[in-house]
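Side-chain atoms are counted along with the backbone in the values below, which use heavy atoms only and exclude waters and symmetry mates. Letters A, B, ... are given to chains in the order of the sequence lines, protein chains preceding strands, and every chain is numbered from 1.
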Number of protein chains: 2
Amino acid sequence: MDGSTRMPQTADEIAAHLTEAVHEHRVLPGMKLSEDEVGEIYGVGRTVVRQALRHLAHDGLLRIERNRGAFVAKPTVKEAREVFEARALLEPSIARAAAERATPAGIATLESHIREEHVALAAGEPGRALKLSGHFHVEIARIADQATIEGFIRQLVSRSSLVIALYWRRRNAMCESHAHHALVDALRRHDGQAAEDLMKGHLLDLLSQLDLRDHSAELLSLREALAR
Amino acid sequence: MDGSTRMPQTADEIAAHLTEAVHEHRVLPGMKLSEDEVGEIYGVGRTVVRQALRHLAHDGLLRIERNRGAFVAKPTVKEAREVFEARALLEPSIARAAAERATPAGIATLESHIREEHVALAAGEPGRALKLSGHFHVEIARIADQATIEGFIRQLVSRSSLVIALYWRRRNAMCESHAHHALVDALRRHDGQAAEDLMKGHLLDLLSQLDLRDHSAELLSLREALAR
DNA sequence: CTGGGCAAGATTGTATGCAATCTACTGCCT
DNA sequence: AGGCAGTAGATTGCATACAATCTTGCCCAG
């Protein structure tokens with residue numbers, strides 16, 4: 001702990017802090033976030049905590065059940081597919097726009113993100129690397145100068161963290177840093193078509209790493225098994 | 001007023017009610033929503049009102065200024081363009097998907113929406129017609145069975161109401177019901193390509209009805225004029 | 001011994017009181 | 001007369017107390 005870093009105080013700061021924790025897989029789907037508990041951690045009253053929790057719920061990261069509390073969302077297989085279909089719809093076009101408008105400063109930011117991601121991986125912090133990897137996608141929307149869509153992508157990246165926590169196949173390290181490198185190259189060349197294609201392929205890659213088989217059939221058979 | 005209809009009580013209900021009022025242009029950009037005032041209207045405490053207001057702020061309908069209050073947002077020209085660029089990215093694809101999955105029930109819902117829109121126009125309620133017209137677009141996303149993207153489109157339609165309130169050129173009635181009719185026809189024929197093209201054209205039509213000239217240059221010249 | 005009902009504890013939902021901040025008005029000074 | 005400062009009013013920010021609801025464990029009846 002670093003005593004010099006101030007704890008988040010406002011509702012938005014706490015919401016951002018909790019979101020980071022979810023992105024880093026330090027807070028996992030299904031976990032309960034009690035108002036009193038969270039309030040004690042940050043040293044604020046329940047009013048502020050409730051604002052933050054409702055904020056996250058609105059982003060789809062939490063599910064608030066009346067008189068029961070706030071729980072980290074557990075996206076169903078259908079929701080997981082929807083998230084990646086939405087990303088497939090938005091991000092390739094945004095990557096193209098980003099390639100057309102990319103500035104040296106923006107590209108430098110992306111490169112620093114990739115560097116930090118490598119550092120985190122080397123330091124044995126896969127959660128941090130995952131968070132940075134997600135932020136890479138948001139940063140591309142920012143470079144495209146599309147604030148509205150950037151907000152949507154931020155939400156989708158957040159939910160992707162939950163999806164990855166639930167449905168990721170292998171536990172080994174990320175294999176995708178190569179894709180991010182290639183994207184930065186395309187942006188640097190202002191090659192919109194290449195950026196669009198690379199992003200599309202990258203998202204399909206991610207999707208193929210997920211185990212999104214429909215478990216509803218198994219649940220039904222479970223019901224049968226228990227009925228015997 | 002109908003005494004049998006219960007006033008909204010919960011934060012979500014109040015948020016939905018306020019959203020409708022914005023959609024119908026009964027609450028206009030720049031208007032202030034005081035906590036006490038809103039609370040008195042619905043007969044609830046400020047706590048619930050604050051939740052509702054923050055909800056709308058998160059959707060981009062309100063702008064909450066610290067210690068000043070909540071004001072209906074006034075999208076800039078840039079934000080207005082972004083909203084329609086996002087819609088152009090999402091809705092044509094969603095219309096295609098909707099055409100492929102459309103059921104008789106869904107189509108009946110859309111037709112009833114169009115009918116209600118005509119009734120509202122005939123009854124001299126252009127605000128209500130506008131609201132229904134927006135809901136038509138959300139309904140298509142619902143037919144496409146894409147809950148995540150439906151949420152995004154709901155947000156975009158909301159913001160479009162603000163954009164229309166600020167930048168719509170003519171005051172005369174909507175001219176677009178024909179486009180909605182054609183879209184329903186395409187959906188009924190399960191003609192995805194036609195639905196996609198019609199939606200794209202419809203959105204371009206809407207955009208062309210807006211006066212999104214950049215006023216920043218005029219502001220600069222005003223500054224010059226005042227400096228003399 | 002098992003199953004249902006009941007009561008106690010815990011947690012969230014809401015209202016309200018107090019503190020902090022902003023706005024606007026008034027009065028003084030130049 | 002005009003401008004600025006100070007103050008009073010109003011509005012939001014936050015914490016907390018109380019009410020409603022849910023969960024859980026216990027006890028009693030069958």
Side-chain angles (χ1 to χ4, degrees), chain A residues 5-19 21-22 26-74 162 223 226-228, chain B residues 5-19 21-22 27-74 162 226-228:
Chain A
T5 59
R6 206 174 96 282
M7 271 306 246
Q9 292 290 325
T10 74
D12 287 336
E13 285 170 352
I14 292 173
H17 199 254
L18 289 175
T19 301
V22 173
R26 295 180 51 231
V27 172
L28 293 173
M31 193 175 291
K32 173 165 185 179
L33 297 179
S34 156
E35 294 181 357
D36 278 325
E37 198 177 353
V38 176
E40 199 172 350
I41 289 171
Y42 293 105
V44 296
R46 282 172 49 224
T47 305
V48 176
V49 173
R50 286 177 69 78
Q51 280 181 29
L53 293 183
R54 286 187 74 95
H55 186 133
L56 294 207
H58 199 271
D59 283 347
L61 259 76
L62 299 184
R63 188 164 297 271
I64 292 179
E65 299 177 27
R66 186 181 174 92
N67 287 320
R68 295 222 343 116
F71 302 85
V72 180
K74 300 203 284 187
L162 299 179
R223 180 181 295 268
L226 295 176
R228 288 183 189 175
Chain B
T5 60
R6 204 174 99 283
M7 270 309 244
Q9 293 291 326
T10 74
D12 287 335
E13 283 170 354
I14 291 172
H17 199 254
L18 290 174
T19 300
V22 173
V27 172
L28 292 173
M31 193 175 290
K32 173 164 184 178
L33 297 180
S34 156
E35 295 181 357
D36 277 326
E37 199 178 351
V38 176
E40 199 172 350
I41 289 171
Y42 293 105
V44 296
R46 283 170 49 227
T47 305
V48 176
V49 173
R50 287 176 68 78
Q51 282 180 26
L53 293 183
R54 287 189 74 95
H55 186 133
L56 294 207
H58 199 268
D59 283 347
L61 259 73
L62 299 183
R63 187 164 298 270
I64 292 179
E65 298 178 28
R66 186 181 174 91
N67 288 321
R68 294 224 340 118
F71 302 86
V72 180
K74 299 203 283 188
L162 299 178
L226 295 175
R228 288 186 189 172

Fill in the blank from the handout: Per-nt protein contacts along nucleotides 15-21 of chain D (heavy atom under 4.0 Å; B base, S backbone sugar-phosphate only, - none) come out as BBB---S
Problem - Heavy-atom side-chain proximity of A:Thr10 to A:Ile14 below 4.5 angstrom - result: no
Handout entry: Segment of DNA chain C, first to last nucleotide, that comes within the 4.0 Å heavy-atom reach of chain A
Key = C:dT11 to C:dT14
Problem - Near-strand residues of residues 55-63 of chain B, defined as heavy-atom separation under 4.0 angstrom from DNA chain D - result: none
Enumerate donor-acceptor pairs with a distance under 3.5 Å from any side-chain N or O in residues 46-53 of chain A to protein atoms, sequence neighbours excluded.
residue, atom, partner, partner atom, Å
A:Arg46, NE, A:Glu35, OE1, 3.0
A:Arg46, NH2, A:Glu35, OE1, 3.3
A:Arg50, NH1, A:Glu35, OE2, 2.5
A:Gln51, OE1, B:Arg54, NE, 3.4
A:Gln51, OE1, B:Arg54, NH1, 3.1

Completion exercise
Those residues at least two apart in sequence (or on a different chain) that pass side chain to side chain contact (heavy atoms under 4.5 Å, CB included) with A:Glu40 are none
Completion exercise
Sorted by chain and number, sequence neighbours left out, ring pair (Phe, Tyr, Trp, His ring centres under 6.0 Å) with A:His55 holds for B:His58
Exercise for the section: Return the value, rounded to whole Å, for the distance between atom CD of B:Gln51 and atom C1' of D:dC14. Expected result: 14 Å
Problem - Those residues that, when tested against A:Glu37, pass salt bridge (charged side-chain N to carboxylate O under 4.0 Å, His left out) (two or more places apart) - result: none
Practice task
Sort and list the pairs that fulfil ring pair (Phe, Tyr, Trp, His ring centres under 6.0 Å) and have at least one residue in residues 28-51 of chain B, not counting sequence neighbours.
Solution key: B:His17-B:Tyr42
Problem - Non-hydrogen atoms of A:Lys74 and A:Gly30 that approach each other most closely - result: CG-N, 3.6 Å
Exercise for the section: Within residues 27-37 of chain A, find the residues that approach DNA chain C with a heavy atom at under 4.0 Å, and present them sorted by residue number. Expected result: A:Lys32, A:Ser34, A:Glu35
Practice task
Identify the two heavy atoms, one from A:Val27 and one from A:Met31, that lie closest to each other, and give their separation to 0.1 Å.
Solution key: CG1-SD, 3.9 Å
Practice task
Of all the heavy-atom pairs spanning A:Ala73 and A:Gly60, show the shortest one and how long it is.
Solution key: CB-O, 3.5 Å
Exercise for the section: Verify the contact: side-chain N or O of A:Arg68 to OP1 or OP2 of D:dT23, cut-off strictly under 4.0 Å; return yes or no. Expected result: yes
Problem - Of A:Leu56, A:Leu162, A:Leu61, the residue whose pairing with A:Val72 passes side-chain contact (heavy atoms from CB on, under 4.5 Å) - result: A:Leu162
Side-chain polar contacts of residues 62-71 of chain B - donor-acceptor pairs under 3.5 angstrom, sequence neighbours left out - could you list them?
residue, atom, partner, partner atom, Å
B:Glu65, OE1, B:Arg68, NE, 3.2

Completion exercise
DNA chain D in dot-bracket form (Watson-Crick or G-U pairs under 3.5 Å, [ ] crossing, | inter-strand) is ||||||||||||||||||||||||||||||
Problem - Steps toward side-chain contact (heavy atoms from CB on, under 4.5 Å) verdict (B:Val44, B:Met7) - result: CA-CA 10 Å; B:Val44 296; B:Met7 270 309 244; over 6 Å; no
